Structures are given as structure tokens and as C-alpha cells.
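Comments concern the structure below.
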Amino acid sequence: MTLGQHQEAFSRDFAKLLNHLHDNGYEVRCGELERTKAQQEIYFKEGKTKTMNSNHLKRCAVDLHIFQNGNWLTAKADLQEVGDFWESLSPENRWGGNFKSFIDTPHFERNV
Ligand SMILES: [Zn+2]
């Protein structure tokens, strides 16, 4: 599979995720999807990321701020159902809430 095909599969699953959220009473404020290498280096130096190999660099990750009843959900327990849905769409999908070393609940990616 080419990177372009991974990007296309990611955007299809991203659309399904947004529909799932809206159909289940959540509101979404979209954050970062594509990230430049220079921006990744800034985040790395600031400790906001632990990797220089982010799937954001490949346009295969997105950060979403998810709200329910006006409350911004950030806890893993509050978003587990959403993360499980994301990971059910493809064996290559990973939710940052399930990361072991650096829990990142707004982060949804296709591991490329
Ligand atoms: Zn992210």
C-alpha cells in the first residue's frame, strides 16, 4: 500500500469517526492533522511529543477535542468507547488513549 492509499484509508475512517461521534451526542472541535517536521521538532523540544516519527508527519493522524454536554472530555475512561470504535475500523488504527508510555486521548491515527 502506498502512503497516498494509507492517507485515503485514514480519511475514510476519519469520516466514519466524525459520524459516529455526531450520531452519539458528541461535539467535535478539530485540531491538528498535518504537521511539518519543524513543528514536530518544536513539540519534541517542549516535551509535547516523545517521537520524531509521528503519523501526523504522514497526514495519517488527527487530534480531536471531543465535547459532551458542553464538557471537554480528556479522560481515557470518558473516551474509551470512542477509541474502541476507531480501532474497530482497521487493524492499523490506534487511539492515543491506549498508548502505553504517553497517553494522548485526543489523538487518532493510522499506523503507517
Ligand atoms: Zn496527535
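Along the sequence shown, residues are numbered consecutively beginning with 1. Note that the structure is a prediction, hence the values are computed from the model and not measured. All ligand and atom numbering here is 1-based and tracks the order in the structure.
- His6 is linked by a side-chain hydrogen bond (donor to acceptor under 3.5 Å, both in side chains) to Arg110, counting only residues two or more places apart in sequence or in another chain.
- Aromatic ring pairs are classed by plane angle as parallel below 30°, tilted from 30° to 60° and perpendicular above 60°; the pair Phe85 and His20 is parallel.
- Within the 4.5 Å cutoff, the side chain of Ser54 has heavy atoms near those of the Gln40 side chain.
- Only protein atoms were considered; those of element N, O or S under 2.8 Å from the Zn ion (ligand 1) number 3.
- Qualifying side-chain hydrogen bond (donor to acceptor under 3.5 Å, both in side chains) partners for Asp84, counting only residues two or more places apart in sequence or in other chains: Gln80.
- Residues forming a side-chain hydrogen bond (donor to acceptor under 3.5 Å, both in side chains) with Glu32 (at least two apart in sequence, or on another chain): Arg35, Tyr43.
- Between Trp72 and His65, the two ring planes are tilted [angle within 30° to 60°].
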